[in-house]
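Below is one structure, written out as structure tokens; comments come after it.
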Amino acid sequence: MSNDFSYDFVVIGGGSAGYAAARTAAGLGLQTAVIESGGEVGGLCILRGCMPSKTLIESANRMLAAGEGKEFGVRIDAVQADVAAIIDRKRSLIGEFACYRREQLESGKFDFFRGLASFVDGGQVEVHLLDGGHIVIASSYFLIATGSKGSHPDVPGLDDAGALTSDEILDAKELPHSVIVLGAGPVSLEMAHYMHAMGVRVSIIQRSQHFLTGVDEDLADTVESAFRERGMEIYTGTKLLRVERAGDGCRVDFEHQGQLVETGAAAVFNGLGRAPNLGSLGLGNTAVTLNRKAIKVSSTQQSDAPNIFAAGDCCGPYEVVHIAIQQGELAARNAARLLRGETASETMDYRLKLYAVFTEPQLGVVGLSEIEAQEKAIPYKAATYPFNDHGKSLIMGATQGFVKLLANPDTGEILGGAVVGPHASDLIHEVVVAMAFRSTASQFAAIPHYHPTLSEIWTYPAEELAG
């Protein structure tokens with residue numbers, strides 16, 4: 001098959017990881033192209049993930065704050081949600097974000113093709129252009145950055161019940177009066193937080209014993225307790241049996257504590273995870289292999305086909321935007337090294353892996369968790385401090401949660417940090433900076449903190465570990 005175009009580095013997918021990789025490759029002098037198949041440009045984060053969900057959650061937070069006005073001597077009468085106006089604001093903001101990303105992709109720093117790419121072999125892809133026709137593109141190196149898609153777990157009746165996903169909720173100008181949320185991962189909990197703040201009756205069914213599987217139980221349980229206090233119905237440690245249509249709504253049957261439970265609502269939300277988006281890539285025509293459903297990559301982001309890299313949700317191991325960007329940029333730098341006849345020597349370091357959930361209260365974690373430390377037999381010391389004994393959080397009326405630090409018992413180096421409570425997604429970055437410079441607990445405790453601020457709460461566990 002003859003080639004219509006030939007490049008040094010071709011990126012399949014124009015989302016956050018793909019754009020970052022293309023920008024980096026072009027900046028290093030590589031002849032670069034991006035192929036994007038979506039009808040809209042921007043990737044999951046901008047179009048259906050981080051940005052639209054946080055826009056809606058910001059409105060949810062304002063609703064909750066308005067409802068707490070009496071505590072602060074502020075009279076706010078007839079607090080009412082205008083979901084249609086919230087969605088209009090979201091569409092306006094996301095339109096701006098997507099427009100800016102499209103401008104970046106069309107900037108001329110690299111070639112940009114709108115079409116669906118499929119590998120012919122390890123060195124070329126056929127692209128079916130969105131405006132008709134097809135072309136063949138050859139490249140020395142490729143990066144797959146096609147993201148993820150909603151998964152459909154094997155729960156009888158789920159597909160037939162018309163279960164909602166985040167895609168529908170993020171664009172719904174009318175919400176159901178009640179909803180059963182399946183799963184208690186980040187997406188499920190953030191959407192439950194939003195819908196409940198909008199007045200929806202929310203039930204959550206989680207298969208494992210705790211919210212946010214993989215997160216330390218003391219952190220996850222704090223979020224669960226807060227949701228219960230808000231009036232959400234929660235079941236953990238369940239086995240889903242079936243989902244069925246029931247009149248104008250849905251019914252979910254499941255086992256809980258050895259008993260059969262039936263619960264109904266106007267709608268069901270499927271938050272049981274996502275899967276890598278690889279279906280149309282023709283990977284069978286390459287040497288790329290999968291690890292379960294994701295592309296298997298080495299620490300250099302190379303697949304089993306050394307000239308094909310991958311980044312982001314399509315390969316994991318963490319479905320987080322900033323990590324996907326790091327992976328994409330690293331892949332581009334390694335491809336440039338290979339083109340110069342060097343080795344792909346740069347490797348991913350997940351020591352500072354960062355994770356946040358925008359519930360109320362928020363959750364933020366970085367580095368080593370207690371679960372990981374115990375599984376890997378890594379020695380550590382831990383110290384915590386609660387928000388209900390901290391001046392600024394008492395002033396704010398935001399007393400749920402705590403902060404936690406983990407340190408090496410011999411050297412004192414900070415190994416990890418976590419916060420569940422007010423502004424956790426912002427507060428966690430102080431620990432990220434400290435860990436980036438391999439700070440010890442003693443050094444961290446000695447850093448001046450303004451009083452009264454939320455940030456100074458970190459000094460208490462740091463002082464305990466230092467002592």
Side-chain angles (χ1 to χ4, degrees), residues 50-96 164 166 168-181 187-204 211 222-234 248-249 263-267 269 356-363 386-401 419-427 452-454 457:
C50 312
M51 304 308 286
S53 66
K54 304 314 171 283
T55 303
L56 270 56
I57 286 169
E58 187 62 33
S59 293
N61 294 343
R62 302 295 175 99
M63 279 289 295
L64 294 181
E68 296 166 353
K70 184 178 179 181
E71 178 184 348
F72 300 90
V74 178
R75 180 174 176 176
I76 304 174
D77 297 324
V79 178
Q80 205 168 15
D82 185 344
V83 177
I86 291 170
I87 297 301
D88 285 341
R89 178 175 184 266
K90 185 270 302 185
R91 290 176 180 172
S92 175
L93 285 169
I94 299 312
E96 293 176 13
L164 301 171
S166 57
E168 287 82 38
I169 297 299
L170 293 175
D171 213 33
K173 289 195 171 185
E174 293 185 9
L175 294 172
H177 63 79
S178 60
V179 65
I180 299 168
V181 175
V187 173
S188 289
L189 296 184
E190 290 181 355
M191 291 296 95
H193 164 45
Y194 163 67
M195 288 188 285
H196 189 268
M198 296 298 110
V200 178
R201 179 171 61 82
V202 174
S203 302
I204 299 174
F211 279 12
T222 301
V223 177
E224 181 181 333
S225 295
F227 275 30
R228 289 186 187 276
E229 288 180 19
R230 287 172 59 181
M232 298 186 212
E233 185 179 46
I234 296 169
D248 293 333
T263 187
F269 177 84
V357 184
F358 291 79
T359 46
E360 183 56 43
Q362 291 186 1
L363 172 77
F387 281 106
N388 65 11
D389 191 38
H390 182 57
K392 183 58 185 293
S393 52
L394 287 166
I395 291 169
M396 294 171 61
T399 55
Q400 290 177 316
V419 50
V420 56
H423 298 284
S425 60
D426 297 311
L427 284 175
T453 61
L454 286 176
I457 195 172

Taking the side chain as every heavy atom from C-beta outward, state whether [X] and [Y] have any pair of such atoms under 4.5 Å apart.
X: His193; Y: Leu64; answer: yes
X: Leu454; Y: Phe387; answer: yes
X: Tyr194; Y: Leu170; answer: no
X: Ile180; Y: Glu233; answer: no
X: Leu93; Y: Met51; answer: no
X: Leu363; Y: Thr222; answer: no
X: Thr359; Y: Phe227; answer: yes
X: Pro386; Y: His390; answer: no

Please round to the nearest 0.5 Å and tell me the distance separating atom [atom1] of [X] and atom [atom2] of [Y].
X: Ile57; Y: Glu190; atom1: CD1; atom2: CD; result: 4.0 Å
X: Leu175; Y: Met195; atom1: CG; atom2: CE; result: 7.5 Å
X: Met63; Y: Asn61; atom1: CE; atom2: CG; result: 11.0 Å

Problem - Residues which pass side chain to side chain contact (heavy atoms under 4.5 Å, CB included) with Ser59, listed by chain and number, not counting sequence neighbours - result: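 Checked Ser59 against side chain to side chain contact (heavy atoms under 4.5 Å, CB included); matches are Ile86.
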
Handout entry: Salt-bridge criterion met for Glu224 and Arg228 (N-O under 4.0 Å)
Key =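 Looking at Glu224 and Arg228, the cut-off is met.
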
Got a donor-acceptor contact below 3.5 angstrom from the [X] side chain to the [Y] backbone?
X: Gln362; Y: Ala424; answer: yes
X: Arg201; Y: Ala265; answer: no
X: Ser178; Y: Ala266; answer: yes
X: Ser92; Y: Asp88; answer: no

How close do [X] and [Y] get, heavy atom to heavy atom, and via which atoms?
X: Val200; Y: Val179; result: CG1-CG1, 3.7 Å
X: Pro361; Y: Gln400; result: CD-OE1, 3.8 Å
X: Ile76; Y: Gly69; result: CD1-CA, 4.3 Å
X: Leu164; Y: Pro176; result: CD1-CG, 4.4 Å
X: Leu56; Y: Ile169; result: CD2-O, 3.9 Å
X: Ala60; Y: Met198; result: CA-CE, 3.8 Å

Practice task
Using the side-chain contact (heavy atoms from CB on, under 4.5 Å) rule, take Val181 and Met191 through it: C-alpha gap first, then chi angles, then the decisive distance, then the call.
Solution key: CA-CA 9 Å; Val181 175; Met191 291 296 95; over 6 Å; no

Handout entry: Asp248 atom CG, over 12 foreign heavy atoms within 6.0 Å
Key =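 It does not: Asp248 CG has 12 such atoms or fewer within range.
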
Problem - Verdict with reasoning, Arg62 to Glu58, per salt bridge (charged side-chain N to carboxylate O under 4.0 Å, His left out) - result: CA-CA 6 Å; Arg62 302 295 175 99; Glu58 187 62 33; 2.9 Å; yes

